Number of protein chains: 2
Amino acid sequence: MKERGLKTTAQRDDIARVFFSEGGHRSVEELYAAVKKVNARVGYATVYRTLKLLKETGLAAERRFDDGQARYEPSEERAQHHDHIICERCGKIVEFNSEELERQQERIARFLGFVVSRHRMELYGICSDCREGKRGAPAKPRGIQQL
Amino acid sequence: MKERGLKTTAQRDDIARVFFSEGGHRSVEELYAAVKKVNARVGYATVYRTLKLLKETGLAAERRFDDGQARYEPSEERAQHHDHIICERCGKIVEFNSEELERQQERIARFLGFVVSRHRMELYGICSDCREGKRGAPAKPRGIQQL
DNA sequence: GTCAGTGCAAAAGATTTGCATGCGA
DNA sequence: TCGCATGCAAATCTTTTGCACTGAC
């Protein structure tokens with residue numbers, strides 16, 4: 001699973017297993033809690049160190065939304081590239097992808113003389129469930145919306 | 001200049017003066033240093049507090065790029081809305097605006113059932129100066145590029 | 001004269017790091 | 001066995017806050 005020059009240890013295995021099975025956009029705190037349940041012998045620092053490792057080897061992508069803490073998700077090498085739209089009321093995060101938008105960005109960058117290596121694009125607003133006054137946990141994300 | 005219900009004090013005046021005259025995307029640290037030169041009697045906390053005030057009254061906009069610290073720029077009430085493209089080599093930040101891109105985002109959000117309140121869009125790449133091997137300070141930004 | 005605004009230092013929250021120890025290759 | 005990986009706590013970094021004091025209105 002992680003033969004990219006990484007030594008295998010019990011904690012790395014457990015962290016990686018939890019990380020890739022849960023998917024989603026997990027904060028370090030959430031991941032730490034989840035890993036703890038599987039292996040109580042894991043320290044906070046190791047979770048940070050492992051996540052950084054996964055990021056450096058390209059297996060994980062780091063996201064920073066506006067809540068002040070980093071979140072990680074399985075890299076786009078394994079999932080398709082996508083952006084995020086976030087509900088400011090219930091916190092729901094929906095992933096989407098738009099070819100049109102990508103082309104657009106590429107065009108803009110080229111015009112300004114840049115070669116783009118990556119981008120970050122987040123939309124913030126209120127989702128329909130919240131506008132309609134529905135309560136309770138947000139609906140489970142349904143994967144990447146193609147547009 | 002700041003009659004939005006704000007009491008005027010020497011430090012606020014100085015901070016606001018520096019902030020609005022320098023413009024750009026200044027980190028708190030940079031602003032603090034700049035204000036210090038004008039008025040040594042200003043504390044770090046006051047810069048933070050004043051910036052937060054300016055943000056809340058809509059006079060300043062907070063930006064968080066990928067370098068871990070907040071940056072502020074005069075609000076879009078006074079300047080036009082724009083996004084950013086950032087050179088990962090020299091740190092140059094170019095502002096741009098694209099009606100097309102805005103429409104695009106609006107369309108996507110609507111399709112997903114969201115009403116957008118704000119968005120965040122940053123492109124990261126290498127600028128032409130850097131690709132051509134030019135050294136030295138990045139060229140002064142030339143305002144918002146219309147696309 | 002009041003009370004909001006300020007400075008300083010301490011607190012907080014997120015993340016990193018030093019160091020002695022443990023465990024995989 | 002050897003050295004990287006780990007745990008824990010301490011250190012960093014950025015931002016916030018408590019508190020006594022100052023200055024604006």
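In what follows, every chain begins at residue 1, and chains take the letters A, B, ... in the order their sequences are listed. Owing to the predicted nature of the structure, the values given are computational and were not obtained by experimental measurement.
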_So if I take every side-chain heavy atom of Arg64(A) and compare against dT15(C), dC8(C), dT16(C), which nucleotide ends up nearest?_
dT15(C)

_Positional range of nucleotides in DNA chain D within the contact set of chain A, heavy-atom, under 4.0 Å_ = dC4(D) to dC8(D)

Would you tell me whether [X] and [Y] have side-chain atoms, one donor and one acceptor, within less than 3.5 Å of each other?
X         : Y         : value
Glu73(B)  : His82(B)  : yes
Glu88(A)  : Ser117(B) : yes
Tyr124(A) : Glu122(A) : yes
Glu95(A)  : His25(A)  : yes
Gln146(B) : Gln80(B)  : yes

*Using a heavy-atom cut-off of under 4.0 Å over every strand shown, decide if Ala10(A) touches base, sugar-phosphate, or nothing.*
nothing

For [X] and [N], give me the distance from atom [atom1] to atom [atom2], rounded to whole Å.
X        : N       : atom1 : atom2 : answer
Glu29(A) : dT15(C) : CD    : C1'   : 13 Å
Arg71(A) : dA14(C) : CZ    : P     : 11 Å
Arg49(A) : dC19(C) : CZ    : P     : 13 Å
Tyr32(A) : dT15(C) : OH    : P     : 15 Å
Leu51(A) : dT17(C) : CG    : C1'   : 17 Å
Gln69(B) : dA14(C) : CD    : P     : 18 Å
Asp66(A) : dG13(C) : CG    : P     : 19 Å
Asp14(B) : dG5(C)  : CG    : P     : 16 Å

*Does Glu29(B) have any salt bridge (charged side-chain N to carboxylate O under 4.0 Å, His left out) partners at least two apart in sequence or in another chain, and if so, which?*
none

*Please confirm whether Arg26(A) makes a cation-pi placement over Tyr72(A), using NZ or CZ under 6.0 Å from the six-membered ring centre and within 45° of the ring normal.*
no

*Decide yes or no on ring pair (Phe, Tyr, Trp, His ring centres under 6.0 Å) for His119(B) and His81(B), but give the supporting numbers first.*
CA-CA 11 Å; His119(B) 74 256; His81(B) 165 75; 5.0 Å; yes

*Sub-4.0 Å heavy-atom contacts from residues 40-47 of chain B onto DNA chain D, ordered by number*: Ala45(B)

*Got Ile93(B) and Phe65(B) here, is their nearest side-chain heavy-atom distance under 4.5 Å?*
yes

_Less than 4.0 angstrom between a side-chain N/O of Tyr48(A) and OP1 or OP2 of dT15(C), yes or no?_
yes

_Along DNA chain D (nearest heavy atom to each residue), the more 5'-positioned of Thr9(B) and Gly68(B)_ = Gly68(B)

